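Residue numbering restarts at 1 for every chain, and letters A, B, ... go by the order of the sequence lines. Source: prediction; values computed, not measured. Basis for what follows: all heavy atoms, side chains included, without hydrogens, waters or symmetry-related copies.
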2 protein chains.
Amino acid sequence: MKLTANKIAGILREQGYKLTPQRHAVLKVMAATHDQLTPEAIYERARAARPDIGLVTVYRTLDLLAKLDLVCRIHAPDGCHGYMMRRPVDHHHHLVCSGCRTVVDFAECSLSELEEKVSRETSFDITGHLLELYGLCPECRTTAVD
Amino acid sequence: MKLTANKIAGILREQGYKLTPQRHAVLKVMAATHDQLTPEAIYERARAARPDIGLVTVYRTLDLLAKLDLVCRIHAPDGCHGYMMRRPVDHHHHLVCSGCRTVVDFAECSLSELEEKVSRETSFDITGHLLELYGLCPECRTTAVD
DNA sequence: GCGTAATTGAAAATAATTATCAATTATCTC
DNA sequence: GAGATAATTGATAATTATTTTCAATTACGC
Ligand SMILES: [Mn+2]
Ligand SMILES: [Mn+2]
Ligand SMILES: [Zn+2]
Ligand SMILES: [Zn+2]
């Protein structure tokens with residue numbers, strides 16, 4: 001059950017949020033690609049369908065979608081943020097290509113043991129984690145060798 | 001062998017970097033605390049010793065220290081960056097208290113297996129990772145309950 | 001002391017995000 | 001289908017974090 005623009009639209013309405021054409025434009029942009037996009041890039045694309053949309057509304061819509069766990073946020077090491085439609089519904093992490101920024105989701109998250117151990121050793125109450133892997137995808141690896 | 005301001009000063013000189021009073025002021029600030037500090041906060045403190053120092057120089061010095069692996073950079077989930085003197089010299093990660101921002105270093109990094117598995121499954125060449133744990137330290141946990 | 005390349009700080013530029021607020025509008029009610 | 005209303009929007013300005021530019025300064029080897 002992949003998330004589509006319409007499916008998300010239904011979820012928004014269910015949750016009591018208005019279904020505005022601006023929000024729908026953002027949803028269509030997000031559903032149309034598997035790439036991570038910056039708010040600015042999403043704004044550019046959404047303007048094709050709705051030239052009057054404001055960048056602020058894109059930010060607001062992304063915040064809303066993130067709050068509802070409908071989009072994933074990618075934390076590049078340099079601090080920029082990319083957004084993409086959430087693909088696996090359950091807990092997962094991201095492998096990001098340093099060349100082309102492609103994102104692969106992976107679910108293997110062997111952190112609960114680690115968290116328990118660290119929690120025991122530090123007496124911290126551990127509530128979450130941030131894990132991302134970086135590397136080169138097969139295509140970018142080839143290019144890099146050329 | 002803990003890193004002190006003077007030890008780092010020696011390393012800088014060894015590497016051919018000039019030992020300016022501005023850099024030394026930043027080093028002293030970093031050596032004087034175990035807290036993570038923003039560039040702005042480091043700037044404020046460094047001004048006590050050297051009122052004429054510029055914020056730009058703080059940024060430049062932090063970049064230099066990070067390049068030489070002498071400071072650690074903390075990536076808060078919201079995108080802000082904190083810096084602190086590097087304590088364990090070898091590879092490690094950070095557990096950050098969401099209450100008081102205290103950072104605990106931990107070395108257990110059970111990611112090589114995971115990386116190999118993901119690498120095999122995705123054909124990516126994995127070159128690095130970002131891992132941080134978040135939680136509440138014992139003191140902040142107590143406060144939260146009050 | 002001198003020469004020189006590295007370093008510095010003021011100022012402006014850039015980038016990413018957030019706040020303000022009056023005007024608009026999606027949706028509920030009749 | 002209108003009317004009420006609270007949510008939503010976009011222009012604009014404000015903030016925040018960082019980087020660039022460039023002329024003046026300075027640490028350090030000779
Ligand atoms: Mn994802
Ligand atoms: Mn550290
Ligand atoms: Zn790639
Ligand atoms: Zn704490």
K.L.:
Tell me which one of B/M85, B/M84, B/R45 satisfies side chain to side chain contact (heavy atoms under 4.5 Å, CB included) with B/L37.
P.N.:
B/R45
K.L.:
Any side-chain N or O of B/T57 less than 4.0 Å from the OP1 or OP2 oxygen of C/dT7?
P.N.:
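B/T57 to C/dT7 OP1/OP2: no side-chain N or O under 4.0 Å.
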K.L.:
I need the CD-C1' distance between A/E40 and C/dA15, as an integer number of Å.
P.N.:
9 Å
K.L.:
Within this structure, what is the CG-to-P distance between B/L64 and C/dT7, rounded to whole angstrom?
P.N.:
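For the pair B/L64 CG and C/dT7 P, the rounded distance is 8 Å.
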K.L.:
Taking any heavy-atom pair under 4.0 Å as a contact, classify B/R60: base, sugar-phosphate, or nothing.
P.N.:
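Base contact.
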K.L.:
Out of D/dT19, D/dC28, C/dT8, which nucleotide sits closest to the side chain of B/T20?
P.N.:
C/dT8
K.L.:
On the nucleotide C/dA16, are OP1 or OP2 found under 4.0 Å from the side-chain N or O atoms that A/T38 carries?
P.N.:
no
K.L.:
Any base atoms under 4.0 Å from A/R50, or only sugar-phosphate, or nothing? Heavy atoms, all strands.
P.N.:
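Here A/R50 touches no strand at all.
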K.L.:
Take the protein atom NE2 of B/H81 and the nucleotide atom P of D/dT18, then report the distance between them rounded to whole Å.
P.N.:
7 Å
K.L.:
To the side chain of A/K18, which of D/dT20, D/dC28, D/dA7 is closest?
P.N.:
D/dA7
K.L.:
Without decimals, in angstroms, what is the distance between B/K67 NZ and C/dT7 P?
P.N.:
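Nearest whole value for this atom pair: 9 Å.
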K.L.:
Verify the contact: side-chain N or O of A/R23 to OP1 or OP2 of C/dA26, cut-off strictly under 4.0 Å; return yes or no.
P.N.:
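So the side-chain polar atoms of A/R23 never come under 4.0 Å of the phosphate oxygens OP1 or OP2 of C/dA26.
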K.L.:
For A/D63 and D/dT8, give me the distance from atom CG to atom P, rounded to whole Å.
P.N.:
13 Å
K.L.:
How many whole angstroms separate atom CG of B/L12 from atom C1' of D/dA27?
P.N.:
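Checked: the CG to C1' distance equals 13 Å.
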K.L.:
Just how large is the angle between the end axes of the helix from C/dG1-D/dC30 to C/dC30-D/dG1, five pairs per end, to 10 degrees?
P.N.:
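The helix from C/dG1-D/dC30 to C/dC30-D/dG1 shows an end-to-end axis angle of 40°.
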K.L.:
Which heavy atom in B/L55 sits nearest to a heavy atom in B/P39, and how many Å separate them?
P.N.:
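Looks like CD1-O, 4.0 Å.
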K.L.:
Name every donor-acceptor pair, under 3.5 Å, that has one atom in a side chain of residues 59-67 of chain B and the other anywhere in the protein, sequence neighbours excluded.
P.N.:
from: B/T61; atom 1: OG1; to: B/T57; atom 2: O; distance (Å): 2.7
from: B/K67; atom 1: NZ; to: B/Y17; atom 2: OH; distance (Å): 3.2

K.L.:
Where does the angle between the aromatic ring planes of A/H91 and A/H129 fall among parallel (under 30°), tilted (30 to 60°) and perpendicular (over 60°)?
P.N.:
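Plane angle over 60°, so perpendicular.
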K.L.:
A/Q22 side chain: which of C/dT8, D/dG10, D/dC28 is closest?
P.N.:
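Out of C/dT8, D/dG10, D/dC28, the nucleotide with an atom closest to A/Q22's side chain is D/dG10.
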K.L.:
Starting at CD of A/Q15 and ending at C1' of D/dA6, how long is that distance when rounded to a whole Å?
P.N.:
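To the nearest whole Å, that distance equals 18 Å.
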K.L.:
Expressed in angstrom and rounded to an integer, what is the separation of B/Y83 atom OH from D/dA17 atom C1'?
P.N.:
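Answer to the nearest Å: 11 Å.
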K.L.:
Determine the interplanar angle of the A/H81 and A/H75 rings, folded into 0 to 90°, and report it as parallel if under 30°, tilted if 30 to 60°, perpendicular if over 60°.
P.N.:
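Answer is perpendicular, since the angle exceeds 60°.
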K.L.:
If you only use heavy atoms from C-beta on, which nucleotide in D/dA17, C/dT17, C/dG9 is closest to the side chain of B/Y59?
P.N.:
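Of D/dA17, C/dT17, C/dG9, D/dA17 is nearest to the side chain of B/Y59.
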K.L.:
Considering heavy-atom distances to DNA chain D, does B/L55 or A/G54 have its closest nucleotide positioned more toward the 5' end?
P.N.:
A/G54
K.L.:
Do other residues, nucleotides or ligands put more than 12 heavy atoms under 6.0 Å from B/E113 CD?
P.N.:
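Incorrect, the count does not exceed 12.
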K.L.:
Checking B/H24 now: which residues fulfil ring pair (Phe, Tyr, Trp, His ring centres under 6.0 Å) with it, not counting sequence neighbours?
P.N.:
none
K.L.:
Search all heavy atoms of A/S123 against all heavy atoms of B/P138 and return the closest pair with its distance.
P.N.:
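Distance-wise, the nearest heavy atoms are O-CG, 3.5 Å.
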